[in-house]
A.B. asks: 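Here it is, the structure in full.
In this text the structure is predicted, and so the values were computed from the model without any measurement. Remember, it's 1-based here, ligands and their atoms both numbered in the order they're listed.
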Amino acid sequence: MAGLLRFDGKVALITGAGQGLGREYALLFAERGAAVVVNDLGGSFKGEGQSTRAADKVVEEIKAKGGKAVANYDSVEFGEKLVETAIQNFGRLDIVVNNAGILRDKSFARISDLDWDLIHKVHLRGSFSVTRAAWPHMKKNNFGRIIMISSAAGIYGNFGQGNYSAAKLGLVGLSNTLSIEGKKYNIKCNAVAPTAGSRMTETVMPPELVAALKPEYVAPLIVYLCHEDTEETGGLFEVGAGWVSKLRWERTNGAVCRTASTKMTPESVRDEWQQITDFDNATYPQSAADTTRHLIGILSDLDGGLGGKKSTKSTSSSSNGINVELAKAAKIRPSTFTYGPKDAILYALGVGYTTKDEDYLKFLYEGSEDFSIVPSFSILASQASSAGIFTGGIPGLSVDVTKILHGEQYMELYKPFPPNGKLTSQARVVDVLDKGVGALILIDVDTYNEAKEKIAYNQSAIMVIGAGGFQGSKASPALKPMVKPPKRAPDASMAEKTGVDQAAIYRLTGDRNPLHIDPSFAAMGGFKQPILHGMCSFGYATRHVMKTYANNDVSKIKAIKTRFSKPVLPGETIQTDMWKDGNRVYFQCKVVETGVPCLTGAYVDLYDGATEAKVTSQPSGGSNMKSNAVFEAMKQQLAGKKDLVKKIKAVFGFEITKDGKTAAEWTADVKNGDGAIYQGKPKSGKADCTIVISDDDFVDLVSGKLNGQTAFMQGKMKLKGNMMLAQKLGDLFKDQAKL
Ligand code: NAI
């Protein structure tokens with residue numbers, strides 16, 4: 001650390017320094033070597049009367065400590081006089097702290113012209129007057145430090161302070177502009193909103209607080225900001241009790257409330273209100289030029305440029321808001337995504353991880369020795385960076401956000417995610433394909449960790465229905481291709497029922513599209529109920545492959561690709577069928593209840609050395625059985641119902657047949673320990689009751705389509721051992737009835 005911040009040779013003018021905060025600033029500047037002009041009119045806090053006493057006392061205090069100071073008793077309205085005092089006594093002026101202030105608090109309707117004018121005269125006009133007089137001296141010296149003392153009442157508003165808050169926020173605007181105009185002269189200007197006990201706050205704060213909030217807990221910030229080494233300018237700070245904080249503007253991504261062919265109306269504003277006010281993925285604009293640039297982008301996108309002239313380059317521009325060249329050339333601002341274990345655990349719960357399976361604890365408990373983050377979590381950082389693309393954020397892509405569908409996703413992982421992280425993602429539009437029915441937008445996103453190492457790459461293919469027909473290419477080498485699974489029966493399958501609240505949980509990880517929660521919104525899209533996020537099903541599939549072929553080791557997942565073919569409804573069962581060839585696991589997911597494929601053309605590439613989990617690898621011959629999915633689902637349910645063991649007290653064996661031959665064997669041990677369902681013969685030796693049934697009949701039996709007694713009478717189900725125990729199967733199958 002460098003040494004003490006000194007001000008030797010510098011001259012500071014502090015207005016209203018006869019007492020309160022101003023006095024503290026004056027004392028500290030003098031202590032650090034500055035020559036100080038102590039200005040104070042010496043009136044009441046309401047701005048009445050005047051006296052030389054206040055300023056004189058502070059000057060005496062400074063001198064008594066060996067410092068340099070001179071008094072000035074003019075009102076800040078006459079800035080020239082204050083500056084003159086500095087020049088005459090010390091020959092220069094380097095620092096101005098516009099601190100003088102009064103109060104004339106009244107509820108709005110009772111503010112008189114005098115109340116308004118006096119407040120503005122002292123605070124806003126006074127700061128203007130003093131600073132304008134100081135400016136040429138600072139410019140000449142190529143050095144200046146200016147502080148505008150603002151107030152929380154101005155930033156946030158405060159009852160009874162309409163006049164005061166207007167003036168105090170006016171000072172922030174003045175400070176912002178001076179910081180811009182002063183840049184080339186090394187003049188820095190900042191605004192500070194302090195809180196401290198003083199005669200001004202005596203009327204509104206209890207005495208203990210007035211005593212505790214000492215001005216000395218504010219002054220060091222003012223002094224720091226005025227040091228020659230301090231580069232900060234155009235900042236706004238809150239300070240009090242020793243706490244210092246910087247404020248900034250935050251802007252939502254907003255929405256464009258018109259299109260090239262439709263007008264902006266009050267109704268179009270109303271319809272976009274949610275988007276206009278949604279601070280998810282907000283940005284922090286820094287200058288008025290930021291806003292202008294943004295607006296020019298929108299104009300060029302919608303109207304083809306300034307002056308309302310549409311572009312004549314018809315080859316790449318289209319009436320439906322797509323301009324491929326503009327979109328590809330657009331510079332998208334990098335976004336940051338900060339997360340901790342809580343976010344990662346919420347994501348894991350969102351994609352169905354459960355404490356019912358002990359293997360999954362490492363994804364759900366930050367205290368686990370090998371706490372891990374699900375690889376597909378990388379989508380959250382990626383989506384945060386590309387979210388603004390569809391909301392008028394970049395030129396060339398003015399699309400109707402209600403017509404957007406997530407078509408395909410590709411993900412490449414270079415390093416496991418640490419438990420905490422601040423990731424930076426850079427998105428870019430790599431192509432826009434004309435698919436006739438819609439435009440397929442390809443967005444590539446690279447994600448970096450704090451060490452600037454690339455840890456993930458995502459490609460999202462987003463379909464905008466109705467935006468096709470712009471004479472664009474139909475295919476692109478940039479699109480990561482899908483693959484077809486081998487023709488043979490799957491090598492392994494895993495099925496799981498999603499929770500009825502799965503989408504409600506998943507959306508909390510970031511994608512708050514009402515399609516996934518709001519029945520009326522879903523109905524508008526033609527769905528009978530809100531649908532699960534495609535990326536949630538993606539998470540399920542990733543989990544299934546990782547459990548089956550990578551022993552839940554996140555470091556083994558290299559790449560994942562899928563197409564979102566059909567939606568899944570929360571509560572439905574997702575079955576992942578898998579085929580392994582070398583380091584590639586082809587997979588396909590379907591909804592068990594309807595048999596409809598939901599994720600297709602998919603694969604997971606593994607890094608070398610991935611080991612299969614013994615629990616889930618399937619013996620040959622039994623892998624393409626429908627009953628496997630049922631047993632997998634029952635497995636999970638049993639884990640949550642340990643009381644079943646006490647109730648049933650039996651070990652069941654199942655011989656599942658196909659074409660008259662036993663094709664798979666399963667055991668439901670609902671007798672020992674907490675109970676277990678697994679493939680193969682009973683580990684305990686012998687089943688109390690064995691059920692022999694075909695694969696199809698078993699699924700019908702479990703789902704309630706086939707009555708147990710009828711099945712037995714018709715010879716569809718054979719029983720060995722204690723046949724009476726078969727009556728208890730109902731308890732075991734109860735929760736599978738909906739299958
Ligand atoms: P204070 O009343 O103790 O000090 C203000 C000083 O300004 C007084 O000595 C007064 O004589 C002087 N003054 C008033 N009108 C003047 C004029 N026309 N010309 C020259 N001097 C004049 O008040 P305090 O609390 O020390 O406030 C200092 C500044 O901080 C003010 O601008 C106030 O609005 C601001 N502020 C204070 C807060 C607090 O918690 N104390 C909260 C937010 C802002």
A.B. asks: Report, in ascending order of atom number, the atoms of ligand 1 lying under 4.0 Å from any heavy atom of Asn99.
C.D. replies: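 Near Asn99, meaning under 4.0 Å from one of its heavy atoms, ligand 1 has 28 (C), 29 (C), 30 (O), 31 (C), 32 (O).
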
A.B. asks: Quick check on contacts: which atoms of ligand 1 are under 4.0 angstrom from a heavy atom of Ala196?
C.D. replies: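 Checking each atom against Ala196, I get 39 (C), 40 (O), 41 (N).
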
A.B. asks: Check the pair His137, Val11 against side-chain contact (heavy atoms from CB on, under 4.5 Å), reporting the backbone distance first and the verdict last.
C.D. replies: CA-CA 11 Å; His137 299 282; Val11 179; over 6 Å; no

A.B. asks: With a 4.0 Å cut-off on heavy atoms, does Thr15 reach ligand 1?
C.D. replies: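 In this structure, Thr15 fails to qualify as a contact of ligand 1 - no heavy atom is under 4.0 Å.
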
A.B. asks: Nearest protein heavy atom to atom 1 (P) of ligand 1, by residue and atom, and its distance?
C.D. replies: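 Here the nearest protein heavy atom works out to Arg199 NE, 3.9 Å.
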
A.B. asks: Does the ring centre of Tyr339 sit less than 6.0 Å away from the ring centre of Tyr347?
C.D. replies: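 No: the rings miss the under 6.0 Å criterion.
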
A.B. asks: Between Asn39 and ligand 1, find which residue part has any heavy-atom pair under 4.0 Å and reply side chain, backbone, both or neither.
C.D. replies: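 The side chain, only.
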
A.B. asks: Has ligand 1 got any nitrogen or oxygen that is less than 3.5 angstrom from a nitrogen or oxygen of Gln19?
C.D. replies: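 Checking ligand 1 against Gln19, an N or O pair does fall under 3.5 Å apart.
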
A.B. asks: Could you check whether Ser112 and Asp115, counting side-chain N and O atoms only, form a donor-acceptor pair closer than 3.5 Å?
C.D. replies: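 Result is yes, a qualifying pair exists.
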
A.B. asks: Check whether any heavy atom of Ala54 sits under 4.0 Å from an atom of ligand 1.
C.D. replies: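 False for this residue.
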
A.B. asks: Side chains of Asn72 and Asp74: any donor to acceptor distance under 3.5 Å?
C.D. replies: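 Yes.
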
A.B. asks: Please check: side-chain N/O of Asn449 versus main-chain N/O of Leu423, any donor-acceptor pairing under 3.5 Å?
C.D. replies: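 Such a contact is absent between Asn449 side chain and Leu423 backbone.
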
A.B. asks: Distance to 0.1 Å, residue and atom name: give those for the protein heavy atom nearest to atom 9 (O) of ligand 1.
C.D. replies: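 Minimum-distance protein heavy atom for atom 9 (O) of ligand 1 reads Asp40 OD2, 2.6 Å.
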
A.B. asks: Could you please spell out the steps behind the salt bridge (charged side-chain N to carboxylate O under 4.0 Å, His left out) verdict for Asp446 and Arg428?
C.D. replies: CA-CA 9 Å; Asp446 290 321; Arg428 61 195 174 275; 3.2 Å; yes

A.B. asks: Which atoms form the tightest heavy-atom contact between Asn186 and Arg145, and what is the distance?
C.D. replies: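 In this case the closest contact between Asn186 and Arg145 is O-NH1, 3.1 Å.
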
A.B. asks: Does ligand 1 have any atom sitting under 4.0 Å from a heavy atom of His123?
C.D. replies: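 Right, His123 reaches ligand 1.
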
A.B. asks: Considering only heavy atoms of Tyr164, which atoms of ligand 1 have at least one such atom less than 4.0 Å away?
C.D. replies: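 Under 4.0 Å from Tyr164, ligand 1 has these atoms: 33 (C), 34 (O), 35 (C), 36 (N), 43 (C), 44 (C).
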
A.B. asks: Would you check whether Lys168 reaches within less than 4.0 Å of ligand 1, judged by its heavy atoms?
C.D. replies: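 The answer is yes, since Lys168 has a heavy atom less than 4.0 Å from ligand 1.
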
A.B. asks: Measure Ile102 to ligand 1 on non-hydrogen atoms and call it side chain, backbone, both or neither using the 4.0 Å cut-off.
C.D. replies: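 Just the side chain.
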
A.B. asks: Atoms of ligand 1 less than 4.0 Å from Val122 heavy atoms?
C.D. replies: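 Listed by number with element, the hits are 15 (N), 18 (N).
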
A.B. asks: What protein heavy atom sits nearest atom 30 (O) of ligand 1, and how far away is it?
C.D. replies: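 The answer is Ile149 CG2, 3.4 Å.
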
A.B. asks: Check each heavy atom of Leu21 against ligand 1 and say whether those closer than 4.0 Å belong to the side chain, the backbone, both or neither.
C.D. replies: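 Both backbone and side chain.
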
A.B. asks: Parallel, tilted or perpendicular, judged at 30° and 60°: which one describes the rings of His533 and His516?
C.D. replies: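 Ring orientation of His533 relative to His516: parallel.
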
A.B. asks: Please determine which of Ile146, Thr233, Val244, Val192 meets the side chain to side chain contact (heavy atoms under 4.5 Å, CB included) test together with Leu225.
C.D. replies: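 So the option named by the test is Val192.
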
A.B. asks: Should you measure from each heavy atom of Val76, which atoms of ligand 1 turn up under 4.0 Å away?
C.D. replies: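 Contacts of ligand 1 toward Val76, numbered from 1: 17 (C), 18 (N), 19 (N), 20 (C).
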
A.B. asks: Is there a donor-acceptor contact under 3.5 Å from the side chain of Thr252 to the main chain of Gly254?
C.D. replies: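 Checking the backbone N and O of Gly254 against the side chain of Thr252, a donor-acceptor pair under 3.5 Å is found.
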
A.B. asks: In ligand 1, which numbered atoms sit nearer than 4.0 Å to a non-hydrogen atom of Thr195?
C.D. replies: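 Reading through ligand 1 atom by atom, the close ones are 40 (O).
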
A.B. asks: What protein heavy atom is closest to atom 27 (O) of ligand 1, reported as residue, atom name and distance in Å?
C.D. replies: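 For atom 27 (O) of ligand 1, the nearest protein heavy atom comes out as Met200 SD, 3.8 Å.
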
A.B. asks: Does Gly42 come within less than 4.0 Å of ligand 1, judged by its heavy atoms?
C.D. replies: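 Gly42 counts as a contact of ligand 1 under the 4.0 Å cut-off.
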
A.B. asks: Record the part of Ala153 in heavy-atom contact with ligand 1 below 4.0 Å; permitted values are side chain, backbone, both and neither.
C.D. replies: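 It is neither; nothing of Ala153 touches ligand 1.
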
A.B. asks: Heavy-atom contacts with Thr201 under 4.0 Å: which atoms of ligand 1 show up? List them by number with element.
C.D. replies: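 So the atoms of ligand 1 that pass are 39 (C), 40 (O), 41 (N).
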
A.B. asks: If the cut-off is 4.0 Å to any non-hydrogen atom of Gly43, which atoms of ligand 1 fall inside it?
C.D. replies: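 Near Gly43, meaning under 4.0 Å from one of its heavy atoms, ligand 1 has 11 (O).
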
A.B. asks: Would Glu77 and Arg125 satisfy salt bridge (charged side-chain N to carboxylate O under 4.0 Å, His left out), going step by step from the backbone distance to the final call?
C.D. replies: CA-CA 7 Å; Glu77 294 157 78; Arg125 199 184 152 78; over 6 Å; no

A.B. asks: Please state whether Gly240 comes within less than 4.0 angstrom of ligand 1, counting heavy atoms only.
C.D. replies: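 The answer is no: ligand 1 sits nowhere under 4.0 Å from a heavy atom of Gly240.
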
A.B. asks: Quick check on Ala193 - does any of its heavy atoms sit under 4.0 Å from an atom of ligand 1?
C.D. replies: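 No; Ala193 lies far enough from ligand 1 that no heavy-atom distance drops under 4.0 Å.
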
A.B. asks: One thing to verify: whether Lys188 and Glu232 come together as a salt bridge, which I'm taking to mean a side-chain N less than 4.0 angstrom from a carboxylate O.
C.D. replies: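 Judged by the 4.0 Å cut-off on N to carboxylate O distance, Glu232 and Lys188 do not form a salt bridge.
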
A.B. asks: To check your reading of the model: name the closest protein heavy atom to atom 18 (N) of ligand 1, its residue, and the distance in Å.
C.D. replies: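 Its nearest protein heavy-atom neighbour is Ser75 OG, 3.1 Å.
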
A.B. asks: For Asn458 and Thr447, test the side chains for any donor-to-acceptor distance below 3.5 angstrom and give the result as yes or no.
C.D. replies: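 There is no such pair (donor and acceptor under 3.5 Å, judged by atom type) between the side chains of Asn458 and Thr447.
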
A.B. asks: What is the minimum heavy-atom distance between Ala30 and Ile62, and which atoms define it?
C.D. replies: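 That closest heavy-atom pairing would be CB-CG2, 3.4 Å.
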
